[in-house]
Structures are given as structure tokens and as C-alpha cells.
There are 2 protein chains.
Amino acid sequence: MSRIYTPPNGNSTPDDVVYAHPHSDFTNMQQTHMGNDGRFHNIWSCDIAILADGACAGNGTNYARAGMGVYFAPDSRYNISEKLEAWDGQQTNQHAEIRAAVLALEKVIELVEDGCLQTENVVLISDSSYVVDAMTNWVYRWRNNGWMNNRGFEVTNRDDFERLDRLINILDDDFDVSVRLWLVPRCYVQEADRLAKDAINS
Amino acid sequence: MSRIYTPPNGNSTPDDVVYAHPHSDFTNMQQTHMGNDGRFHNIWSCDIAILADGACAGNGTNYARAGMGVYFAPDSRYNISEKLEAWDGQQTNQHAEIRAAVLALEKVIELVEDGCLQTENVVLISDSSYVVDAMTNWVYRWRNNGWMNNRGFEVTNRDDFERLDRLINILDDDFDVSVRLWLVPRCYVQEADRLAKDAINS
RNA sequence: UGACACCAGUUUGU
DNA sequence: ACAAACTGGTGTCA
């Protein structure tokens, strides 16, 4: 199945589609359930949408600092605001964008394994055509050509792209969760952007 | 004589060589002279350097639009900014690059015939190895093999290559002007690039 | 296979 | 206004 998410109405925005969906907000959930860790969690059996965004202060300079934001819902305990550690790869905007998507799907797997989330469809929302195009178009070529870009060099951030690709396949194969990506304008991922920037300034 | 220009110091750039040369700037010229057209022109007796560049918006698409830029000096009246007309051949980057060189040398001949330029050495500066290699290497074979490329097909843009080749020979034979070509990185032909792009967006 | 151009698009920043 | 980080493509030759 296609990894591209297309909203029911072609012109729909996340505001229309996600927030109109009663199941998109974890925090409004009243039902709780004791998870494998002995703590109470909300239980979901629904389609969910997640915002992922990266930020990088001083991008392109040698003092760049990158961070990732993953947003499930207002004040959700599952939201992520994480710095990209200096030892953990290049401090670039692109790297942060990919890594945000990775964190989002890793969290989904964690929640599903924990039993506190039951879902069949995840929509990963990003404003990065770099990430969305990579996972919906380019990756199929890359898998066949040894991850080479048009200029004959190895694809930058290959490790994280492979990781993201693998996560999508694992969710599909092992958990029956189909992940699709939705490319949206910047203004619709502000909550995740906030979380990414907060991580940088902490 | 070789058509390749090699700067005195192998690592020199146009910035080093051209702009350090006091005669490279038409606009600083104080002496004027009435030309054949009854108008006043600057008179030169010097070696000159000219930047030529082509641009092509949407190159490779069916809505491509190409333009040429020729740069003598800041705000020189001799600078050229010209669109490649639709009826005047293929709208491609390569075509524009060659045509820019053609326009430059046609302008030189015009100025020399007008008597407003006296020169023995012209350096035509381009960032196109396609054009420079063609005029400094490949053309000698092409003249002997009926303008065939390696794959046995006729050389693309043959007409303009022949025209350019002829201009160089005419300048040499009829005007005692030796033309040499200098291949430089993109960043050194920005002024001509600007003129080419301006032509497209007009 | 190599090289030089010419573009298209997105994000991140100062 | 500038630049960096990234991808995709064509135009052409050897």
C-alpha cells in the first residue's frame, strides 16, 4: 500500500482532519488501563495522527544545535522534546527532521507493545518534503541502488533513513499497523516545532 | 596558437587576473571617440576579458526559457542581456551557453570594426566546459569527421558551434585579434549570469 | 564511467 | 537580503 496519506477531502488540513477526529487527542481520553509497567495508561483503538518536526539553531554553522519534537496531543505524556546529542551524529536541520520521525514511530511501537495503544493506521505528519519524499518515493530506488543519490554519492543520513524505513515495515509486518506520511505546510506542525525548539533551549 | 587561456599564476581567478588589470573596466575609461555611427564611444587599445554565461529556467522541460548574458564591465553600454527567442532554436542550457559566447565575440567584432576597440588579445571567460572544451579540443576533430560525436550522431548545436569557431578564426585572421577561452567555476561569472537571468525574467 | 553546466523542490537558519 | 542542508531531473561531451 502507498505510504502517502491523502486526506479524504483533497484540500483538508490537519486542523480539519486530525483535530476534528475525536480520537486524535490522547489527553481527552477518560478510559485508563494498567499497562505492563504496572502504571495506568490510556487505551486506544483508533487511527492516530502524530506531528513530527526538527529544528536546528545555527544550521550550517559549526555551532549548530539540533532538536526533535513529537506531538501526539496537548500536554500528552507521550509528547517528545529531545536534543540531538553531539555524539549522535550531525547537527543539521535535515538530520533532526528524520530523527523526529524515527522517535515518533519508536514511541508508537513502544505504546503498542505496552498494550496501551491499539491502532491499525498511523498518519505521520511532517512539513519536510525531504523526509516524506524519501520514505514515499526515493527509498524504493535507494534500496535497489545501494543508497546512492543522483550525484553518485551515498545518500546523506542513510543510517537514519534506513532505520525509519525499517520502523515502517516492522509496524506493518509485525503489528499490522500501516504507517502513512502526510506532507503539510509548516504552519500545521507548530506544536511539534515548539517541542523541538524547547529541546534546543534547555 | 592554443585557444586555451592559462592565467600567469596557475591558481589565479578572474578576480585576481581580470579586475586587477586596469584596462578591464570600460566604464572607467575617460577618453571618447566618435564612432562610425556618429556617437561617442570609448577607445581601447588593450587586452580585454569578457564574461559570457547562459541560463535556462526549467531546463529539460517543455516550458524551458533560455537567456544569454555578456558582461564587459559594471554598467557597460556593451553588456548584453538577451532572451533566446523561441523560433531561434532549442531552449536549453547548453544552447544558451554557446550563444552567449557567440554574442560576446560578435560584439567584439562590432566594436573593432567601429573603431572603438583596439585589442590584440581577448579572453572569453565561461563556466561551461561544454563550450570551452568544444572550442579548444573537440572542434579540431569535428572539423575532420563531419561533426560527429562519439556515438556516431551529429553534434548537437552544431550550427552554433560552427558559428563560434568561425568567429574566433575571423577575429584572428581578419582583425589580428587572438581569442582564448578560460574555463572558470560558476562563482566567477555571476555578473553575466545575472544578465542572462534578467533576460529570461523580462 | 567521468566532467561541467542548467534547473526543480523542500526544510533549517542568520 | 543572505547561506546551509538535502533531494529529484535534463543538457551534453569525452
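Note on naming: letters A, B, ... go to the chains in the order of the sequence lines (proteins, then strands), and numbering restarts at 1 for each one.
- Among the atoms of the strands shown, only primed sugar atoms or phosphate atoms (P, OP1, OP2) are found under 4.0 Å from some heavy atom of B:D127.
- Rounded to whole angstrom, the span from the CG atom of A:D160 across to the C1' atom of D:dT7 amounts to 16 Å.
- Rounded to whole Å, atom P of C:A5 lies 21 Å from atom CG of B:L84.
- In summary, B:R163 and B:E106 engage in a salt bridge, as defined by a charged side-chain N under 4.0 Å from a carboxylate O.
- Between B:W147 and B:F161, the angle of the ring planes stays under 30°, which puts this pair in the parallel group of the 30/60° scheme.
- Within the structure, every pair that satisfies the side chain to side chain donor-acceptor pair (under 3.5 Å) test and touches residues 192-202 of chain A, not counting sequence neighbours, is listed here: A:D193-A:K197, A:R194-A:D198.
- Checked against the 6.0 Å centroid threshold, A:Y71 and A:Y78 do not count as a close aromatic pair.
- Between B:Y140 atom OH and D:dC13 atom P the separation is 19 Å, expressed in whole Å.
- Under a 4.0 Å N-O distance rule, the pair B:D172/B:R3 does not qualify as a salt bridge.
- A sub-4.0 Å separation between OP1 or OP2 of C:C6 and a side-chain N or O of B:K197 is absent.
- Taking atom CG of residue B:N157 and atom P of nucleotide D:dA14, one finds them 13 Å apart after rounding to whole Å.
- Here B:V155 lies in heavy-atom contact (under 4.0 Å) with sugar-phosphate atoms only.
- The separation between A:M135 atom CE and C:U10 atom C1' is 15 Å, rounded to whole Å.
- The phosphate of C:U12 has neither OP1 nor OP2 within less than 4.0 Å of any side-chain N or O from A:S128.
- A:N149 comes within 4.0 angstrom of sugar-phosphate atoms only, judged by non-hydrogen atoms across all strands, and of no base.
- With contacts defined as side-chain heavy-atom distances shorter than 4.5 Å, the pair A:L84/A:H95 qualifies.
- No side-chain heavy atom of A:L195 sits less than 4.5 Å from a side-chain heavy atom of A:V70.
- One can place CD of A:Q190 at 13 Å from P of C:U11, the figure rounded to the nearest angstrom.
- Against RNA chain C, the stretch residues 91-103 of chain B makes heavy-atom approaches under 4.0 Å through B:N93, B:E97.
- Looking at which nucleotide of RNA chain C each of B:V184 and A:S129 is closest to, the 5′-most match is held by B:V184.
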Point to revise | Intermediate values then yes/no, salt bridge (Lys or Arg N to Asp or Glu O under 4.0 Å), A:R166 and A:E162 | key: CA-CA 6 Å; A:R166 210 175 312 124; A:E162 285 194 291; 5.1 Å; no
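- Taken residue by residue, residues 58-67 of chain A places heavy atoms nearer than 4.0 Å to DNA chain D at A:N59, A:G60.
- Listed pair B:R141 / D:dA14 meets the phosphate criterion, a side-chain N or O lying under 4.0 Å from OP1 or OP2.
- Contact check on B:D127 versus B:R186 returns no salt bridge, with no Lys/Arg side-chain nitrogen under 4.0 Å from an Asp/Glu carboxylate oxygen.
- One atom, CG of A:L183, and another, C1' of C:U10, lie 8 Å apart when rounded to the nearest Å.
- In this structure, of D:dC6, C:C7, C:G13, it is C:C7 that holds the atom nearest to the side chain of B:A55.
- Contact annotation: B:R151 side-chain N/O to D:dC13 OP1/OP2 distance is under 4.0 Å.
- Look at CH2 on A:W142: it is 11 Å from P on D:dC6, rounded to the nearest Å.
- A distance-only check finds a donor-acceptor pair linking the side chain of B:N79 to the backbone of B:F72 [under 3.5 Å].
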